[in-house]
Protein chains: 2
Amino acid sequence: MQLRRGDVLDGAMAILDEYGLGDLTMRKLASSLGVQPGALYWHFPNKQTLLGAMADRILDGADEPSTSESWDDAIAELAHRFRGALLAHRDGAELVASTYASRLTTSRARDAFVATAERAGLSRAYAELTGYALLHYVLGHTVDEQSRAQLAELGALTHAPLSPDVATAQPAGADADLLDGDPAVRFEFGLRLLIDGVRARLASRATS
Amino acid sequence: MQLRRGDVLDGAMAILDEYGLGDLTMRKLASSLGVQPGALYWHFPNKQTLLGAMADRILDGADEPSTSESWDDAIAELAHRFRGALLAHRDGAELVASTYASRLTTSRARDAFVATAERAGLSRAYAELTGYALLHYVLGHTVDEQSRAQLAELGALTHAPLSPDVATAQPAGADADLLDGDPAVRFEFGLRLLIDGVRARLASRATS
DNA sequence: ACCTGAACACCGTTCAAGT
DNA sequence: ACCTGAACACCGTTCAAGT
């Protein structure tokens, strides 16, 4: 049975979910597929392209048109779907963020934001900028949220059973405030900030 | 003359500015300092820590209290200073963004945002969330802006003299719109969105 | 068309031993 | 205290040669 492009992608996603982005190497992927490293290069020209395809798969479906008819709900729904898609895979946010920078993933999520902002009544140009701001916020927040969660998970496993006296020392320390409150609440707050900003923009347009 | 921690940091910054983050390896750094790779590990426990120190240096001074007395100008000034600091070094935004995720840089820039948001009249908790939203936006925008600029620079050098017939084909294509307009204008737009969002929050607090 | 074998040119990090 | 020499355990990528 021959290896197909989709099998390589599936294998890569499996390693990502189980071991994380740091352990996703072409050599590990090859051996998990029972193949020599060089074989992968028949299906993907290089690792970057493979990562781009993975990012596309992670975001698949997140850009479908919203069912809400009010523009603010539509933006919120999109943002939540986007965040959900990133959180559904280990290191998903980091992977997508880094492939966005190298422009090797499609920009359908951004396009969906732009389209919704345009539907709200913004000009094409403003909608585009709004789409970028939303994208950057969602990506930035989720990368942060996910790495924080993974650090906490690691910390819980590391120093909880190891030394009881240190267990409650640092983590609950300086910046505990609401940073380890519900991340969904934190996400919602910044999202509302941006949506309110759009509303203000629409209002000032209407009066001018 | 012995190598000091500061010399290692200086050498690393020099390589960053001249060759970029991808070419900043411990081995290249060592040879540029006329020393064996192992020597670096007397001054820094590992590469991550060195990158964290570089991020701190890049952000140095960007968090000084604003001179503006209105809270919105203060936020804007801070955001612009932050962006400027990131753009002042090759791959500066990417470096800071990735060290932020691994929590190996100080969070003075974020703290400055939080303090200003608190001065605006938000509760500590809301100010904290606002600080994060601002930080994520600035970081996300600037990473994008910088990588875009570097791609364009590379593209101009690459396919302008190489093949005249392809020169104007793809780059000026689909998403030209205002994405290659003044990046400072693009930055300003999203920033205003967030500031207007904060204003709306303050207003709804006042009336409730 | 698809893969193996084997190499090329690298990495970050460690650590005995030197001065 | 600070560094060398030399190794360990890896990387991504290429490419002739096989089937």
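Just so you know, these numbers come straight off a predicted model, no measurement behind them. The sequence lines fix the lettering, A, B, ..., with proteins before strands; numbering per chain opens at 1.
Near DNA chain D, meaning a heavy atom under 4.0 Å from it, residues 41-53 of chain B has B/W42, B/H43 in order of number. Within residues 2-26 of chain B, the residues approached by DNA chain C to less than 4.0 Å at the level of any non-hydrogen atom are B/T25, B/M26, in residue-number order.
One atom, CZ of A/R27, and another, C1' of C/dC11, lie 12 Å apart when rounded to the nearest Å. Rounded to a whole Å, the CG atom of A/L40 is 11 Å from the C1' atom of D/dT13. In this entry the distance linking CG of B/L29 with P of D/dC3 reads 13 Å, nearest Å. One can place CD of B/Q36 at 13 Å from P of D/dA7, the figure rounded to the nearest angstrom.
A/R186 and A/D182 are not joined by a salt bridge, as no carboxylate oxygen comes within less than 4.0 angstrom of a charged side-chain nitrogen. Between B/R108 and B/D111 there is no salt bridge, since no side-chain N of the basic residue sits under 4.0 Å from a carboxylate O of the acidic one. Using a 4.0 Å cut-off between charged nitrogen and carboxylate oxygen, A/D10 and A/R57 count as a salt-bridge pair. A salt bridge is defined here as a Lys NZ or Arg NE, NH1 or NH2 lying under 4.0 Å from an Asp or Glu carboxylate O, and A/E118 with A/R124 meets this definition. For the pair A/R103 and B/D144, the salt-bridge criterion is met [side-chain N within less than 4.0 Å of a carboxylate O].
Between A/K28 and D/dC11 there is a side-chain polar atom (N or O) within less than 4.0 angstrom of OP1 or OP2.
At least one side-chain heavy atom of B/M26 sits under 4.5 Å from a side-chain heavy atom of B/Y41.
No side-chain donor from either of A/Q2 and A/D7 sits under 3.5 Å from a side-chain acceptor of the other. No hydrogens or angles considered: a donor-acceptor pair under 3.5 Å links the side chains of B/S66 and B/S68. In the model, B/Y132 has a side-chain atom that pairs as donor or acceptor with a side-chain atom of B/R110 under 3.5 Å.
For the C1' atoms, the distance linking C/dC10 with D/dC8 amounts to 15 Å, nearest Å.
Out of D/dG5, D/dT13, C/dC3, the shortest distance to the side chain of A/V35 is found at C/dC3.
Pair assignment for C/dA6 gives D/dT14, based on Watson-Crick or G-U wobble hydrogen-bonding distances that are each under 3.5 Å. Nucleotide D/dA1 forms a pair with C/dT19, judged by Watson-Crick or G-U wobble geometry with both contacts under 3.5 Å.
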